[in-house]
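It should be emphasised that the depicted structure is a prediction, and the values quoted were computed from it without experimental measurement. Both ligands and their constituent atoms are indexed starting at 1 by order of listing. When a residue number appears, it is its place in the shown sequence, counting from 1.
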Amino acid sequence: MLSRLLLLSIGGVFILLIVDQCSGKRKWDYEPLSIETYSTDDSKLKMVAKVDRVGRGEYAISANIEFKYTPDDTTMVEASAYRSSSGDENDYKIIPLSIPKQPYIEFMNNHYKDVVLPNLGGCSNLVQFEDKFEPPWPQNTYMLDKCVANSDGFPDIIPEGYYKVNFTMMNPVDWGFILIVKITTKLI
Ligand SMILES: *[C@@H]1O[C@H](CO)[C@@H](O)[C@H](O)[C@H]1NC(C)=O
C-alpha cells in the first residue's frame, strides 16, 4: 500500500491531504467549510480564496494567487494536518498526514505532480509538466475556477470528522492557507 499525503493544492499551492492509495470506490463525501489565506508580504504574494456552493451538497474552491516573486533554493514547502471529531476548535489534534518541510522543487516533483495536478490541473492555469519540473516557477496570476477535487490520489476510506490543513511556502515571503473540510461517510 502506498502511503502518502495528499493535499490538494496549488503550485503555488493548495490542498487536501491524505493517504494510502487504493483503487476501490471512495466511501466518503467532503465539504470544504472554509479557507483562510495569509501572507507576510502582499507585494510578493497575494492570495484570495473562497468556498462556493455549486449544487446540492456540492462545493467548490476558487482562488486567485498573485505570484510576484520567483521561488529559489531557499524556498520551502510544509503542510500540517489536524483532525477534530466535533469540529470544536479546541479538539483539533495533529495527525500524521502532512508534507514535511522540504525544498519546493522536491514538492513540485512529488505532491504537486501526483496530487495537485490530477485534482486541480483541469480547473486552473497552474503550471503543468509531464516528467520533471523545470524551474523557475513563473510569476503569474494563478486562478482556480470552482475546483471540485476528483479525489485522485485519496484513500477509499477516511474517518469522519473535521480536518484542518495548514499549507505554507516559506522564503522570501511566508504565505499559505488554512482549509477546513468536513468528511462524512457516504450514505448508500
Ligand atoms: C501555519 O503554518 C505556519 C508555518 O509552519 C505557522 O507559522 C502558522 O502559525 C500556522 N498557522 C496555524 C493557524 O496553524
Salt bridge flag under 4.0 Å for residues Lys93 and Asp91: no

Check Lys50 with Glu36, please: is the shortest side-chain N to carboxylate O separation under 4.0 Å? no

To the nearest 0.1 Å, how far is atom 13 (C) of ligand 1 from its closest protein heavy atom, and which atom is that? Ile178 CD1, 3.2 Å

What protein heavy atom lies closest to atom 5 (O) of ligand 1? Include the residue and the distance to one decimal. Glu78 OE1, 3.5 Å

Output all residues satisfying salt bridge (charged side-chain N to carboxylate O under 4.0 Å, His left out) with Lys182, sequence neighbours left out; order by chain, then residue number. none

Under-4.0 Å heavy-atom contact with ligand 1, by part of Tyr38 that carries it: side chain

Tell me whether Thr168 has any N or O atom under 3.5 angstrom from an N or O of ligand 1. yes

Contacts satisfying disulfide (SG to SG under 2.5 Å) that involve residues 70-141 (not counting sequence neighbours) are Cys123-Cys147

Please indicate, with yes or no, if any protein heavy atom is found under 4.0 Å from atom 9 (O) of ligand 1? no

Heavy atoms only: which of Asn166, Ile94, Thr40 is nearest to atom 2 (O) of ligand 1? Asn166

Flag the pair Tyr38 / Phe167 as yes when their ring centroid distance falls below 6.0 Å, and as no otherwise. no

